[in-house]
Each structure stands twice: as structure tokens, then as C-alpha cells.
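Notes follow the structure.
Each ligand, and each atom within it, is numbered from 1 in the order the structure gives.
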Amino acid sequence: MSNKPNRPAAAGDGNLVIVSGPSGAGKSALTTHALGALPDIKFSVSYTTRSPRGAERSGVEYFFVSRREFEALRDAGEFLEWAEVHGNLYGTSQNFIDALLRQGMDVILDIDVQGAGIIKKKRPDAIAVLVLPPSFDVLRERLRRRGLDGEAVIEKRLGMARDEISHYPDYDYLIVNDDLGRAERELDAIILAARCRMDARKHAAASILEHFGGLNV
Ligand code: ADP
Ligand code: 5GP
């Protein structure tokens, strides 16, 4: 019996879905929704040197490690990419995501723009999604209302957003996160459409063709 998740027979590896964009754009809201709404998809749990916030637990939102532990992992080649973001180190675990992809799971990454660029170069098949707020003023308002950062940090994040947005041509998809419900549906649709690509479904097509007597050659 296949140990693949709910997919056509002999489906290949899952898809790597990169969700990126400026702080406050809505990456976390959209990835959380997709993880709850879709089957066969897991979150890429990154390593970070920042401290847990609120109810965050190690192994769920992040693997929380010291700077020394992070550097040892980095030097051992554990990370597909790593970056310093807002003064803390963050790294994507290659082993973690590859184990899931091999099981046929899609893996969704919530990472910054630098990391997205590196992964897209190393794994050109990855699906890169840029999330943007509808405007500068809306982004500032959301960062304020989120209540995680003080005014100085918010201004710093807004300042970085311009540079981050300038990378937009490197992405495969753009979601303008104005209406949250619509943006959630758009991310779900991107993930579902990738699963239906002929490349990913050709084994299913071949096995259905068998029921019809196979290829006439
Ligand atoms: P990111 O993960 O990109 O930093 P979040 O998902 O934390 O951003 O979103 C930033 C804040 O904006 C959160 O408080 C979130 O609830 C809110 N938010 C996200 N999308 C929308 C939206 N479309 N309309 C209104 N508020 C939103
Ligand atoms: P936070 O500390 O608010 O959870 O995340 C801060 C930023 O780090 C966000 O933009 C998030 O997307 C990014 N981030 C989280 N994990 C990784 C990672 O593994 N690599 C990179 N490059 N960025 C990450």
C-alpha cells in the first residue's frame, strides 16, 4: 500500500511553496489559513536565535536555539538558506523539508525576501509567492494594530519594505492582501493548481490509461 498522502497513485515529491513579503504583509495569516484548509501540507519549521513570543513552542513555530547552536548547524551544512532578519538569525532546515517532500507532502515556507531569492535559485521548481499590502499606509496601520513592535521598529520595517518589494519580478505569483478572505483563497488556489500540473500528475494519467488498454503503439 502506498504511504503517500491523499494523492494520485505514484505521485511524485510534494511542492515547495515559498511565501514571502514585507513584515506585516500577511504571510503568517495566509500560511496559517492554508495549513488549516488544505490536506497534505506542512509548515517548514525554521531555526531561529530570537526568543519565543507569547505561546510559541520550540518545534512548532520555530526551533529556538542559541547563536552558538545556530552557527554550529550552519557550519555543518544544515541550512538550505539562512539570513539575518531584524537582528536575529533564521535558517531553513534542508533535512526537515526534504523528508516531508519525499513523503509527497507540500511544504510551505514563511521566509524573508533574501531567503526566498536563495531558495528560488537553488530549487527553481519552488513556487515563489509574494504577499503585498495594498499600500504603504495600510501596512503601517497593520503593523501598529498587530501590537508586536514599538514605533521605532515599525518605522525600520517600513523602511525595509521598499527594498523588499523591489524584488517582485523574481516571484511566480503576487497576492495583494487587501481583502483577507480573497487573499486566503488565492494562496489556496496557487497551491492546489500546482498539484494539478501535468508534470505532477503524469503517473496518474498513465495508470488511468492502463484501464483503457494502454498506449496504442
Ligand atoms: P506577516 O506574517 O507578513 O508579518 P501578519 O500575518 O502577522 O504579517 O499580519 C500582520 C497584521 O495584519 C496581523 O495583525 C494580521 O492579523 C493583520 N492582517 C493580515 N491580513 C489582513 C487583512 N487582509 N486585513 C486586515 N488585517 C490583516
Ligand atoms: P518573526 O521573527 O516575526 O517570526 O519573523 C521575522 C522574519 O523572518 C519574517 O519575515 C519571516 O518570514 C522571516 N523568516 C522566518 N524564518 C525564516 C528562515 O528560515 N529564513 C529566512 N530567510 N527568513 C525567515
Side-chain angles (χ1 to χ4, degrees), residues 16-36 42-65 69-70 73-74 78-98 107-123 126 128-150 153-154 156-161 163-165 167 170-171 174-188:
L16 204 53
V17 183
I18 305 167
V19 177
S20 197
S23 184
K27 303 179 292 294
S28 173
L30 298 183
T31 52
T32 301
H33 178 267
L35 286 162
K42 298 276 186 209
F43 182 63
S44 164
V45 180
S46 294
Y47 285 85
T48 184
T49 60
R50 87 153 161 76
S51 309
R53 282 196 294 249
E56 286 180 338
R57 285 153 300 159
S58 203
V60 181
E61 290 83 3
Y62 287 103
F63 295 109
F64 296 99
V65 292
E69 286 169 319
F70 189 98
L73 288 163
R74 181 194 61 196
E78 167 65 19
F79 299 135
L80 183 57
E81 64 74 39
W82 67 275
E84 179 150 2
V85 189
H86 313 310
N88 294 303
L89 301 177
Y90 294 85
T92 301
S93 165
Q94 187 152 286
N95 290 327
F96 187 90
I97 62 176
D98 283 342
V107 179
I108 192 162
L109 291 84
D110 172 345
I111 61 174
D112 90 312
V113 168
Q114 310 167 68
I118 295 168
I119 294 191
K120 191 64 184 161
K121 280 203 186 73
K122 289 189 172 175
R123 307 269 176 110
V129 182
L130 181 62
V131 181
L132 293 182
S135 72
F136 181 87
D137 288 344
V138 167
L139 183 60
R140 172 183 277 146
E141 191 46 39
R142 285 191 191 155
L143 286 170
R144 281 185 179 152
R145 257 195 276 135
R146 184 166 69 171
L148 283 179
D149 308 299
V153 172
I154 289 177
K156 199 167 149 217
R157 290 183 179 215
L158 287 167
M160 289 173 63
D163 180 52
E164 290 166 337
I165 295 169
H167 291 275
D170 302 337
Y171 288 79
L174 171 64
I175 296 177
V176 180
N177 180 16
D178 191 349
D179 176 77
L180 183 58
R182 193 189 57 215
E184 289 169 347
R185 287 194 297 280
E186 287 186 356
L187 181 59
D188 295 354

- Item | Selected option - heavy-atom contact closest to atom 17 (C) of ligand 1, from His33, Arg142, Arg146 | Arg142
- Message: Side chain or backbone, does Asp110 bring an N or O within less than 3.5 Å of an N or O on ligand 2?
- Response: yes
- Message: Taking a cutoff of less than 4.0 Å between a non-hydrogen atom of the residue and any ligand atom, is Gln114 in contact with ligand 2?
- Response: no
- Which of the ligand 2 atoms, numbered from 1, are nearer than 4.0 Å to a heavy atom of Gly115: 22 (N)
- Which atoms of ligand 2 sit under 4.0 Å from any heavy atom of Ala83? 22 (N)
- Nearest heavy atom to atom 8 (O) of ligand 1 wins, so pick from Ala183, Gly147, Gly26. Gly26
- Pro22 heavy atoms within 4.0 Å reach ligand 1 at atoms 3 (O)
- Query: For atom 10 (C) of ligand 1, which candidate among Ala25, Gly24, Pro134 holds the nearest heavy atom?
  - Reply: Gly24
- Item | Element-labelled atoms of ligand 1 that are located less than 4.0 Å from some non-hydrogen atom of Asn177 | 19 (C), 20 (N), 21 (C), 22 (C), 23 (N)
- Could you pull out, from Leu89, Asp112, Thr31, the option with a heavy atom nearest to atom 13 (C) of ligand 2? Asp112
- Task: Pull out every atom of ligand 1 sitting under 4.0 Å from any heavy atom of Ser23, numbered as shown with elements.
- Result: 4 (O)
- Message: Taking the basic N atoms (NZ, or NE/NH1/NH2) and the acidic carboxylate oxygens, is any pair closer than 4.0 Å for Lys121 and Asp170?
- Response: no
- Under 3.5 Å, N or O to N or O, is Arg53 touching ligand 2 that way? yes
- Item | Atom indices of ligand 1, in the order listed, that fall short of 4.0 Å to a heavy atom of Lys27 | 1 (P), 2 (O), 3 (O), 4 (O), 6 (O), 8 (O)
- Using a strict cut-off of 4.0 Å, indicate which atoms of ligand 1 neighbour a heavy atom of Asp178. 22 (C), 23 (N), 24 (N)
- Relative to the heavy atoms of Arg50, which atoms of ligand 2 are at a distance of less than 4.0 Å? 1 (P), 2 (O), 4 (O)
- Which atoms of ligand 1 have any heavy atom of Ala29 under 4.0 Å away? 6 (O)
- Note on the structure: Restricting to heavy atoms, the pick from Gly87, Gly91, Ser46 nearest atom 16 (N) of ligand 2 would be Ser46
- Hey, which atoms in ligand 2 end up nearer than 4.0 Å to a heavy atom of Lys27? 10 (O), 12 (O)
